[in-house]
Amino acid sequence: MTDILEPTPSQTVGPFFGYALPYAEGPEVVPGWHPDAITVRGRVLDGAGDPVPDALIEIWQADAEGRTPSGLGGLRRESHDFSGFGRCGTDPAGRYWFRTVKPGANGQDAPHIAVLVFARGLLKPVRTRLYFPQDADAHANDPLLAAVPAGRRPTLVAEAEDARTYRFDIQLQGERETVFLDI
Amino acid sequence: MTHPPYLSPDYKSTVLRAPGQDLVMPRLGPDSIELASPVFGHQELGRLDDDLTRQHSGEPLGERIIVTGRLLDASGRPVRGALVELWQANAAGRYAHLGDQHPAPLDPNFTGAGRCLTGDDGRYRFVTIKPGAYPWRNHTNAWRPAHIHFSVFGTAFTQRLVTQMYFPGDPLFAYDPILRSIPEQKDRDRLVSRLDLDTTTPEWALGYQWDIVLGDTPMEA
């Protein structure tokens with residue numbers, strides 16, 4: 001039997017990552033001129049409903065055809081490739097944003113974006129998924145949503161602000177707490 | 001349980017930020033996006049990103065050190081070409097961050113942020129200076145043991161890890177609610193680097209070794 005090594009424990013990202021982890025084009029998963037660009041934005045809120053000004057959000061998603069990206073991550077955008085990865089620190093009002101494309105469906109999985117949140121006070125990240133409001137039919141067959149109690153599913157579905165802008169608030173704690181995943 | 005729980009009341013910032021409801025444990029299909037990871041390339045990094053002592057016109061103050069180790073999966077296999085990022089306070093215990101109000105000097109020759117990719121043997125290596133301890137306002141006389149923040153990618157987004165590396169024998173370990181949020185001592189010990197004379201460069205810099213082990217990817221549906 002192979003020895004399984006214990007994983008290195010997680011520790012908080014702390015309050016002072018802002019000069020190290022975010023990078024200029026982190027929120028731009030696609031360039032602004034992209035014909036199918038959408039904006040995803042929202043706030044991170046704590047259990048008192050106050051904004052979390054020192055969170056780091058990362059997203060990772062399939063391309064518009066539902067394919068897993070194979071290009072480079074995009075720390076520097078020297079090509080027009082879609083990397084599928086984005087990173088954005090929250091501002092003093094707890095806001096974040098990304099410019100990306102809506103991912104395609106993949107098998108039974110409804111279109112979604114994987115979301116990871118790090119923050120001071122989070123000893124390990126919280127993980128969730130963002131789904132899109134226009135895909136209600138596909139949500140009914142999505143295996144991950146099926147594992148979520150029906151009353152909490154709406155916390156995983158972004159709101160359409162207009163045809164190209166979606167709002168997705170992340171509530172770390174409280175009555176409308178976002179569904180977080182143990183994966 | 002290797003990782004700390006979300007709620008660890010001695011670390012006060014967890015109280016309003018720890019999720020209170022049950023996490024959902026989905027079965028992920030083999031093509032799930034979470035089982036793949038972003039990949040980064042050398043062309044995305046700067047030439048001096050892995051040497052924090054050469055990013056300015058002069059040398060930073062403090063004790064020059066080499067920090068190196070391997071990035072491994074749960075079976076002990078090296079994880080190649082993975083992005084490792086780090087950031088830290090300067091030798092006086094001050095971050096080059098506007099929010100850091102600790103009245104210790106900034107060092108114009110030290111920013112304290114670096115990046116590298118692991119090699120074919122899973123190894124990362126940085127040259128930097130040993131960070132200082134610093135106070136934080138969690139409780140009276142709360143001082144963080146000297147530490148370097150690490151952020152690593154694996155081969156699956158589920159393996160994404162942000163953690164902190166500590167230095168051996170620090171007397172502040174016993175008083176630090178962040179390190180002590182990890183329930184078991186043996187797991188805390190795995191965040192402590194090892195002084196290594198084979199890594200040390202004579203007459204130049206002390207060497208520390210610290211391996212990072214990523215979690216197993218979840219069972220596929």
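In what follows, every chain begins at residue 1, and chains take the letters A, B, ... in the order their sequences are listed.
At most 12 non-hydrogen atoms from other residues, nucleotides or ligands lie less than 6.0 angstrom from CD of A:Glu175. With a 6.0 Å radius and a threshold of 12 heavy atoms from other residues, nucleotides or ligands, A:Glu159 has its CD atom at or below the threshold. Around CZ of B:Arg194, the count of heavy atoms belonging to other residues, nucleotides or ligands within 6.0 Å exceeds 12. Around CG of B:Asp22, the count of heavy atoms belonging to other residues, nucleotides or ligands within 6.0 Å does not exceed 12.
Looking at every heavy atom in both residues, A:Pro149 comes nearest to B:Val24 through CD-CG2, 4.4 Å. Closest of all the heavy-atom pairs between B:Gly41 and A:Leu72 is N-CD2, 3.7 Å. Residues B:Ile182 and A:Pro9 share a closest heavy-atom pair of CD1-CB, 3.6 Å.
Of the listed residues B:Ser151, B:Pro19, B:Ala113, B:Ser181, the one with more heavy-atom pairs under 4.5 angstrom with chain A than any other is B:Pro19. In terms of heavy-atom pairs under 4.5 angstrom with chain A, the leader among B:Asp211, B:Leu98, B:Leu161 is B:Leu161. Per-residue heavy-atom pair counts under 4.5 Å with chain A were compared for B:Val152, B:Asp100, B:Asp187, B:Ile212, and the maximum is reached by B:Asp100. Each of B:Leu72, B:Leu45, B:Leu86, B:Asp73 has some count of heavy-atom pairs under 4.5 Å with chain A, and the biggest count is that of B:Leu45. Your options are A:Leu45, A:Asn106, A:Val179, and the one with the most heavy-atom pairs under 4.5 Å with chain B is A:Asn106. For the set A:Glu58, A:Gln171, A:His112, the entry with the most heavy-atom pairs within less than 4.5 Å of chain B is A:Glu58. Most heavy-atom pairs under 4.5 Å with chain A: of the set B:Pro5, B:Ala96, B:Gly215, this distinction falls to B:Ala96. Annotation: maximal heavy-atom pairing with chain A below 4.5 Å, among B:Ile33, B:Thr2, B:Thr111, occurs at B:Ile33. When each of A:Ser70, A:Gly71, A:Gly121 is checked for heavy-atom pairs under 4.5 Å with chain B, A:Gly121 comes out on top.
Atoms CH2 and OG1, from B:Trp210 and A:Thr8 in turn, are 5.5 Å apart once rounded to the nearest 0.5 Å. Expressed to the nearest 0.5 Å, how far CG of B:Asp31 lies from CD of A:Gln108 amounts to 12.0 Å. To the nearest 0.5 angstrom, A:Leu5 atom CG is 10.0 Å from B:Asp216 atom CG. For the atom pair CZ (B:Arg17) and CG (A:Leu123), the distance works out to 11.5 Å, reported to the nearest 0.5 Å. With rounding to the nearest 0.5 angstrom, the CG atom of A:Leu75 is 6.0 Å from the CG atom of B:Leu83. A distance of 5.0 Å separates CG in A:Asp46 from CG in B:Leu16, rounded to the nearest 0.5 Å.
Residue A:Val126 touches chain B through both its backbone and its side chain, counting heavy-atom pairs closer than 4.5 Å. B:Phe150 does not touch chain A: none of its heavy atoms, backbone or side chain, sits under 4.5 Å away. Using a 4.5 Å cut-off between heavy atoms, A:Leu21 touches chain B through backbone and side chain atoms alike. For A:Val44, no part sits under 4.5 Å from any heavy atom of chain B, backbone or side chain. Proximity to chain B is limited to the side chain of A:Pro69, based on heavy atoms less than 4.5 angstrom apart.
The side-chain heavy atoms of A:Asp109 and B:Ser32, taken from C-beta on, include a pair separated by under 4.5 Å. Counting heavy atoms from C-beta outward, B:Leu214 and A:Pro7 have side chains that stay 4.5 Å or more apart. Using a 4.5 Å cut-off on side-chain heavy atoms (C-beta onward), B:Gln88 and A:Phe16 make no contact. Residues A:Gln11 and B:Ile178 have side chains in contact (heavy-atom distance under 4.5 Å, counting atoms from C-beta outward). Looking at heavy atoms from C-beta onward, A:Thr12 lies in side-chain contact with B:Gln164 at the 4.5 angstrom threshold. Contact check for A:Ile183 versus B:Leu23: no side-chain heavy atoms found under the 4.5 Å cut-off. When side chains are defined from C-beta on, B:Arg160 counts as touching A:Leu116, because their heavy atoms get closer than 4.5 Å. Inter-residue side-chain proximity for A:Arg152 and B:Gln21 is flagged as met; some heavy-atom pair is nearer than 4.5 Å.
Salt-bridge formation is not detected for the pair B:Glu34/A:Arg127: no Lys NZ or Arg NE/NH1/NH2 atom is positioned less than 4.0 Å from an Asp or Glu carboxylate oxygen.
For the pair A:Gln173 (side chain) and B:Ala18 (backbone), a donor-acceptor distance under 3.5 Å is present. Here the side chain of B:Trp87 pairs no donor or acceptor atom with the backbone of A:Gly18 at under 3.5 angstrom. At distances below 3.5 Å, at least one donor-acceptor pair connects side-chain atoms of A:Lys124 with backbone N or O atoms of B:Pro4.
A tilted orientation is assigned to the rings of B:Phe157 and A:Trp60, their planes being inclined by 30° to 60°.
Residues A:Tyr23 and B:Glu44 bring no donor and acceptor atom of their side chains to less than 3.5 Å of each other. For the residue pair A:Arg120 and B:Ser13, a side-chain donor N or O sits within less than 3.5 Å of a side-chain acceptor on the partner.
In this structure, the ring of A:Phe17 has its center no less than 6.0 angstrom from the ring center of B:Tyr95. Between A:Phe180 and B:Tyr6, the distance separating the two ring centers is not shorter than 6.0 angstrom.
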